[in-house]
Amino acid sequence: MTAAPVNRIVLFSSVDGPGNRTVFFFQGCNFNCGYCHNPETIHLCNHCGACVSVCPTGAIRMEHDEVRYRREICCACDACLRACPRDSSPKIDWMEPEQALEILRQNRPFIRGVTVSGGECTLQRDFLLRMFEGAKEMGLQTLMDSNGNYDFSADEALLRVCDGVMLDVKCFDPAAHRVLTREDNALVLENLSFLARAGKLEEVRTVIVPDQLPNVETVRNVCKILSPHWKEDANIGYKLIRFRPLGVRENYRGISVPGESSMEELKNIALNAGCSRIEVL
Amino acid sequence: MSIEQEIAKSTVGIATDTSLTHEQAMMNLSKVSGQFVYGFMPPEGYDRQLELGVLSDIGEGYTPICPRYLLPDYDLFLEKGCKFLRIDPPKDLFEAIEALKMFYRHIPSITNFPVYLGRLDRMLQPFIRDEAEARFLIRHFMIFLDRTISDSYAHANIGPEATLAGQIILDCDYELQNATPSITLLYDPAITPDAFAALCARNDLACAKPSFANDAVYRSAYPVEYGIASCYNVLPVGGGAFTLARLNLKAAADQANNTEDLLNRVLPEAVRLNCEFMDAKIEFLVDKSLFFRSNFLVQEGFLHLDRFTGMFGVVGLAECVNHLEALEGHTDILYGHSDAADSLAHRVMCQLTELVNAYVSPYCAVSGGHFSLHAQVGLDIDIGVSSGARIPIGDEIALYDHLRHAGQFHPYFHSGVGDIFPFEVTAKRNPESLVDLIKGAFSVGMRYFSAYASDSDVIRITGYLVKKSDIEKLARGEAVQQDNVIWGLGEVRNSHILERKVRAL
């Protein structure tokens, strides 16, 4: 079965890779980051039904012990997300790759590529393979937005149809990474090196959280690994993203947005390491 | 009111209006007499259509002293100079710019300012020797244009090739944030490098220009080179348009009992009268008026009588179709939102095309002996009538659908059509995404695409550019240099221009 749980489709996006792209966001993640900005995408629905009674339009119903969702009568009030006890969402569509390709076919004249994001897109590996193969046939560029918790070096087939990975490197220090994501980061760092060597690293993204994470250490080590590639003119971007307390869970709402000077300091680290494509967001 | 009383009212009104500059007052006064003195007679029955609002002469009056839109051959001017103005062919960039400044001063049009400034990059590029000097001279040239041509219908063209001159023009425009001149990129993805197109998109999101014209299609619009003049008018270079007279499809539909009545009775009559009206005016312009018989632009070969056409303007297709559907009781079937409404719109446009093409004018050889359909942008006094074939503001549909829809209807309008899209500021970070969108739009039939960012001061009203800050000034009763601001204010009040759907990219 190659169907995948799709949380959201953005038909045109200027913020998920080069040019205009269609973006698929999948439900489900194998990290559980404290600062997650879309915590409702972390888990798959277990059909507990807690959201059914709070839905004001009847868009969510229980049928045969499963939560069913009807997008056409949803009023997008998000009451279901607030009622969910396990960081999930009933508002997903299970899609086959062919359905996704049909959407891309419709959009084809207006976009240069497709980006898959999440949740964590690599959890839908078989779907991605089929989808990217089809997208390539249409002449579209294919990008993955990944947390890096997937062994890319062992998946030649997928990488062959993937133009690049936009890799999250959340934290370099393993212990701090474990606190943040509840997972180890060894695979992430292996991917950082491997994807850069393979020419499949589109960009790296680090969310900067003041006081909570060793930001300078992370940026410095990422740059150390990428520096040789930048010096050989590899066009790998580095996106430094300010933490913002929007959409995050309770315990992260009190944390402040990093200041101008600390972002400037991090930017300079990347600049000095030879990165020519730095974006501070 | 008697004619004498009307003339007195208009004249005193202008002479005492403190929101006009001297230049605007002078030009407005010059238009008064032409509304009352008949150099030619409109066909019988025309006045009735005028009263009903079905037809409009768009204020050209009845004693025109020059054609509406002129596209002089500036290449010839730069090569040969001008005897009448005693200007020698320029030898360097400084001289070229000085020569153009003098020449533009003498190019008339309906606005009394030039509506076409030529393919500015191609004209200046051969004179560029030193980049720093070129940047200095072109920057001041562009400031000069904005401060002396008080009208943003003045239109410069650039592209499709990327040149240093083009890049300098774009960089200066980005910095200066002026409404004038309007600029269009003649865009052909097969010729224009992506980086140059992206530079143009960057400017769109900063100062609402350049617009993108579908060069691959427009290149064969006429047997001679085309240019984009005024709003987005596609006209022959070395000629232009004698006149523009328009048909309001919504007002026409109001006169019809049903669709068949519109197609078979109201439209044929309105089209005949509009065409005969244009021919009567052109006859006066060609045979009696001073311009073609004595103006140096014609005598020295910068303009040729046989490169002019007449523009048959159309507005209100959306409201026409919605009205016809409502007559059948289908109030929920709307143009742009339903295949039934859109196919009715195609029927109206096909019939209109057939009727206009059935009329042979002796003056329009350059457009096959026929008047050329044009999606007129509207007038500031229009209420509830959308430009050309545009989906009404407030009724907009999803972006890709909107572009496909525009792509279906743009091809009807040979002498110009266009759609305008405001974007969220996020698009500024990735101008290439706008270029992708435009490539797609052209591939599905669109001919002309304009964009601006939601936070921009310079914005596109219906086809022309205005600074929002100027509109606010004028709304307070203060005079502003640029005359389009007056129409811009009317459009903001009557056509909800500031309420266009902002697109997120």
Side-chain angles (χ1 to χ4, degrees), chain A residues 8-25 37 71-72 76 100-115 117 135 138-143 145 163-164 166 202-203 205 235 237-242 244 246 263 267 276-281, chain B residues 187 189-190 193-202 204-206 212 214 216 396-408 410 419 421-447 449 451 453-454 501-505:
Chain A
R8 197 155 74 100
I9 302 168
V10 175
L11 298 179
F12 36 90
S13 166
S14 64
V15 296
D16 294 280
N20 190 31
R21 320 178 72 84
T22 294
V23 189
F24 288 76
F25 294 88
H37 287 70
R71 193 173 292 278
E72 56 290 1
L101 288 171
E102 187 46 42
I103 290 168
L104 292 179
R105 219 164 273 132
Q106 288 288 319
N107 295 351
R108 176 64 191 99
F110 305 104
I111 55 176
R112 73 171 68 174
V114 57
T115 299
S117 186
M138 286 177 226
L140 289 170
Q141 296 173 0
T142 52
L143 288 180
D145 182 351
D163 290 314
M166 298 186 280
E202 170 70 20
E203 71 181 27
R205 300 161 165 188
N235 189 23
Y238 198 178
K239 221 172 242 173
L240 300 165
I241 303 168
R242 288 183 185 86
R244 290 183 179 83
L246 301 171
M263 294 306 288
K267 184 181 173 179
S276 58
R277 190 153 68 87
I278 310 166
E279 240 185 302
V280 177
L281 296 177
Chain B
Y187 182 50
D194 283 346
F196 192 72
L199 203 62
C200 291
R202 172 202 71 171
D204 278 339
L205 298 169
F212 284 62
N214 193 332
E396 293 101 330
I397 53 179
L399 184 55
Y400 295 158
D401 295 335
H402 205 128
L403 297 173
R404 284 183 199 279
H405 186 272
Q408 281 183 49
H410 278 197
D419 274 79
F421 300 92
F423 288 91
E424 298 272 14
V425 293
T426 44
K428 291 185 188 196
R429 281 186 1 226
N430 185 352
E432 290 84 0
S433 63
L434 190 57
V435 177
D436 287 351
L437 210 60
I438 295 168
K439 281 182 184 170
F442 283 5
S443 80
V444 297
M446 267 188 86
R447 300 287 160 87
F449 183 107
S454 55
K501 185 181 168 104
V502 176
R503 313 290 180 152
L505 254 191

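A, B, ... follow the sequence lines: proteins, then strands. Residue 1 opens every chain. Keep in mind that the numbers below use all heavy atoms, side chains included, and drop hydrogens, waters and symmetry copies.
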Tell me every residue that passes ring pair (Phe, Tyr, Trp, His ring centres under 6.0 Å) with B:Phe449, counting only those two or more places apart in sequence or in another chain.
B:Phe421

Check every N and O of chain B against chain A and note each donor-acceptor pair under 3.5 Å, with its distance.
unit_1, atom_1, unit_2, atom_2, d
B:Tyr400, OH, A:Leu11, O, 2.8
B:Tyr400, OH, A:Asn20, ND2, 3.3
B:Arg404, NH2, A:Gln106, O, 2.2
B:Arg429, NE, A:Glu279, OE2, 3.3
B:Asn430, ND2, A:Ser14, O, 2.8
B:Asn430, ND2, A:Gly17, O, 3.4
B:Asn430, ND2, A:Gly19, O, 3.2
B:Asp436, OD1, A:Arg112, NE, 3.3
B:Asp436, OD1, A:Arg112, NH2, 3.0
B:Asp436, OD2, A:Asn20, N, 2.7
B:Asp436, OD2, A:Arg112, NE, 2.7
B:Gly440, N, A:Pro109, O, 3.3
B:Leu505, O, A:Ser14, OG, 2.6

May I ask you to test the B:Val444-A:Phe110 pair for a side-chain heavy-atom distance under 4.5 Å?
yes

I need the A:Phe12 CZ to B:Leu437 CG distance, nearest 0.5 Å.
8.0 Å

Is B:Ala198 close to chain A through its backbone or its side chain, or both, or neither, when contacts mean heavy atoms under 4.5 Å?
neither

Nearest heavy-atom pair of B:Phe212 and B:Ala201: which atoms, and what distance?
CZ-N, 4.1 Å

Minimum heavy-atom distance between B:Leu434 and B:Ala451, given as atom pair plus value:
CD2-CB, 4.1 Å

